Amino acid sequence: MQRCGGIATMMRPPQVASAVGLDVCFVGVPFDLGTSNRTGARFGPRQVRSESVLLRPYNMATRAAPFDSLRVADIGDVAINPYNLLDSIDRIERAYREIVSHGCKPITLGGDHTIALPILRAMHARHGKVGLIHVDAHADVNDTMFGEKIAHGTPFRRAVEGLLDCERVVQIGLRGTGYKASDFDWCREQGFRVVQTEECWNKSLAPLMDEVRAQMGDGPVYFTFDIDGIDPAFAPGTGTPEIAGLTVPQALEIVRGAWGLNIVGADVVEVAPPYDPFGTTALLGANLAFELLCVLPGVQRRA
Ligand SMILES: [Mn+2]
């Protein structure tokens, strides 16, 4: 792992060199070679860490106290190869295989969504096929992009090819314009539940999450949160924004609604600081990473 180099660690917990002895690690993946539109997500980890210094250790809504029962630290960034996408993907997978080999659950700060593929490969190596809670404006199930099998719009197509328990996949917040009108139907044909953003407008998502918990059952679940699932009014700092997205309270309902599941890892991806002049998107990303920490198995809730 690379050192954070004078930049704040995530929520200012200790920075350590590896996942040995940790229950949970924050880890950055400063990679955006897979973006199709605006680059800049490589700067996400450092800006999310910077904004995270405002966060305090207790969740005032759920009373979750993650630092009271879990050993949590920031292990820095995965050293990617900025000149080679495929080599970077291999480096990321190796880094995550190492993390999970110690029984440590990673909470990743991305990075574009391409990184979900090597992370899921490492999750699969440890846990077998996993369920997936996927919040995003996009399905990210293209077979190829410009002929390339690995890009930020293809990770879940690749993951269907052996990494996912497709009956335990939910995609929430999908919207916008597509390459074909049937784009999201492919997901449904695989067994995914697809909740397009129009189904989410103007209502609480707590009832949806009751159903998602039943869908996920007791098996391992990976939680991937693309910040562009949230409306660009709240999260402008991202590479592929789409209008009419989720609200921040809905995002919190989704994450908090994952409480009790067997979550084996999580990420917040696609925060792109060059389009985030006031740091609000990175601040939101930091809070979502904390909220994800708060629903991991083993976190206690104070009376
Ligand atoms: Mn997206």
Side-chain angles (χ1 to χ4, degrees), residues 29-45 47-48 85 89 108-120 132-146 148-160 164 169-180 183-184 186-187 190 192-200 205 222-248 250-251 254-255 266-276 280-282 284-285 288-289 292:
V29 184
F31 171 95
D32 62 12
L33 296 175
T35 52
S36 55
N37 188 40
R38 308 193 295 202
T39 58
R42 69 179 61 187
F43 303 115
Q47 194 66 30
V48 170
L85 183 149
I89 295 304
T108 299
L109 314 173
D112 78 48
H113 224 154
T114 315
I115 67 175
L117 176 61
I119 294 171
L120 284 170
L132 183 72
I133 300 175
H134 174 200
V135 181
D136 202 326
H138 313 97
D140 291 352
V141 294
N142 297 295
D143 185 30
T144 60
M145 298 179 83
F146 273 85
E148 301 295 334
K149 287 280 194 181
I150 298 181
H152 82 151
T154 68
F156 305 110
R157 171 70 67 125
R158 297 288 85 76
V160 163
L164 294 177
V169 174
V170 64
Q171 298 181 298
I172 305 170
L174 275 54
R175 62 185 185 273
T177 50
Y179 297 104
K180 300 188 301 295
D183 279 354
F184 300 156
W186 185 88
C187 305
Q190 309 314 307
F192 297 5
R193 179 170 185 184
V194 177
V195 183
Q196 291 183 224
T197 195
E198 288 79 4
E199 297 175 58
C200 303
L205 298 185
Y222 186 78
F223 198 132
T224 186
F225 202 123
D226 186 328
I227 201 79
D228 72 29
I230 297 173
D231 192 87
F234 309 113
T238 195
T240 320
E242 306 286 352
I243 65 164
L246 301 171
T247 66
V248 174
Q250 287 177 320
I254 293 168
V255 177
D267 64 54
V268 180
V269 298
E270 299 279 358
V271 173
Y275 320 104
D276 191 29
T280 44
T281 312
L284 176 56
L288 289 172
L292 287 161

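Both counts, for ligands and for their atoms, begin at 1 and track the order of listing. Note: hydrogens, waters and symmetry copies are ignored here, and every other heavy atom, side chains too, is used. Note that this is a predicted model, so its numbers are computed, not measured.
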What protein N, O or S atoms come within a distance below 2.8 Å of the Mn ion (ligand 1), ordered by chain and number?
->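 For the Mn ion (ligand 1), the protein N, O and S atoms that sit under 2.8 Å away are D136 OD1, H138 ND1, D226 OD2, D228 OD1, D228 OD2.
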
Show your working on side chain to side chain contact (heavy atoms under 4.5 Å, CB included) between D112 and F31 and close with a plain yes or no.
-> CA-CA 6 Å; D112 78 48; F31 171 95; 3.6 Å; yes

Minimum side-chain heavy-atom gap E199-V195 below 4.5 Å |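 Side-chain contact under 4.5 Å: yes.
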
Sub-4.5 Å side-chain heavy-atom contact between L284 and V248 =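 Sidechains of V248 and L284: in contact.
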
Donor on one side chain, acceptor on other, H113 and T224, under 3.5 Å =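 Yes, a side-chain donor-acceptor pair sits under 3.5 Å.
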
Side-chain donor-acceptor pair present, D136, H134, cut-off under 3.5 Å |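 Checked: D136/H134 side chains pair up, N/O donor to acceptor below 3.5 Å.
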
Just by modelled atom types, is the T240 backbone N or O under 3.5 Å from a matching donor or acceptor in the N37 side chain?
->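 A pair under 3.5 Å: no.
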
